[in-house]
Amino acid sequence: MRIDVLTLFPEMFEGPFGRSIVGRAAAAGVVELRVHNFRDHAADRHRTVDDAPFGGGPGMVLKPEPVFAAVESLRASGQRGPLVYLSPKGRSFTQAVAREMAGQAGFILLCGRYEGLDQRVVDHLVDEEISIGDYVLSGGEPAAAVVVDAVVRLLPGALGDDASPDEESFSDGLLEYPHYTRPAEFRGWAVPEVLLSGNHEAIRRWRREQALALTQTRRPDLTRGQEHTGGTR
Ligand code: ADE
């Protein structure tokens, strides 16, 4: 998969893209991650990327020319995937959307700044708007890092050999069951007996019950259609 990110602050991605699962996946060639500064595509000597809004009002608006030029250069380099604009006005980003994006050969993430982006970019260049939640960030960069993390960890090979995203929260529509490790007793708090039993069927049932109970308490909106049984995953 190839992911291109367009931003005015490429250095914001050094941490999130350089470490952990995303960093390792990039190093292993599971994903090709490229971060570009669309200021490099500004046409004038001062590399201007923003201007005052027509009609007045506070703040600055990102100009269309550098964004169009940056996307056109990515198209010329072979990136055919959708152009996704991170915006609070977008479709809600969920595990289902992450899975959908993980099935694509690639995509471009466009990060906005300042008061906004010239609407002609949204109307004539952007394929989709995605929001990571009902709050306003100062720019799309943290949202892009969230999308990249959630998508890349779903790619084959990203989590290493024995790990699988199949049992995590949301993968089967439920929040994930609790985990424990050694010691079996810590400060008087014991690990649930069943996990020490070696009875894999009982453990599977316990985990399923925990996941259902947790989801019913915390996120009843997710449990529609799920029966409270030890049934199939
Ligand atoms: N940019 C600013 N706020 C955002 C949000 N909630 N989701 C995605 N991009 C954003």
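Indexing begins at 1, ligand by ligand and atom by atom, following the structure's order.
The protein atom (non-hydrogen) at minimum distance from atom 6 (N) of ligand 1 is Tyr135 O, 2.8 Å. Ranking protein heavy atoms by distance to atom 7 (N) of ligand 1, first place goes to Ile132 N, 3.0 Å. In this structure, atom 3 (N) of ligand 1 lies nearest to the protein heavy atom Leu137 N, 3.0 Å. Scanning all protein heavy atoms for the shortest distance to atom 10 (C) of ligand 1 gives Pro88 CD, 3.7 Å.
Of all atoms in ligand 1, listed by their number and element, those nearer than 4.0 Å to a heavy atom of Ser131 are 6 (N), 7 (N), 8 (C).
Using a cut-off of 4.0 Å between Lys/Arg side-chain N and Asp/Glu carboxylate O, Asp40 and Arg47 are scored as salt-bridged. Look at Glu201 and Arg204 and you find a salt bridge, because one of the NZ, NE, NH1 or NH2 atoms lies within 4.0 Å of a carboxylate O, short of that distance. Note on Glu129 versus Arg91: no salt bridge recorded, every NZ/NE/NH1/NH2 to OD/OE distance being 4.0 Å or above.
Ligand 1 has no N or O atom lying under 3.5 Å from any N or O atom of Val136, backbone or side chain. The shortest N or O to N or O distance between Gly133 and ligand 1 is under 3.5 Å.
Under 4.0 angstrom from ligand 1, the non-hydrogen atoms of Ile130 all belong to its backbone. Contacts between Ser138 and ligand 1, counted as non-hydrogen atom pairs separated by less than 4.0 Å, are absent for every part of the residue. Of the heavy atoms in Ala143, only side-chain atoms (C-beta onward) come closer than 4.0 Å to ligand 1.
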Decide side chain to side chain donor-acceptor pair (under 3.5 Å) for Glu141 and Thr7; before the verdict, give the C-alpha distance in whole Å, the side-chain angles of both, and the deciding distance to 0.1 Å. CA-CA 7 Å; Glu141 286 81 4; Thr7 172; 2.6 Å; yes
Under the side chain to side chain donor-acceptor pair (under 3.5 Å) rule, what do Arg34 and Ser77 come out as? Steps first, then yes or no, please. CA-CA 12 Å; Arg34 300 190 197 170; Ser77 75; 4.5 Å; no
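Of the inter-residue distances, the one linking Leu117 atom CG with Tyr85 atom OH reads 4.5 Å to the nearest 0.5 angstrom.
For His200, the NE2 atom sits in a loose shell: 12 or fewer heavy atoms of surrounding residues, nucleotides or ligands are nearer than 6.0 Å.
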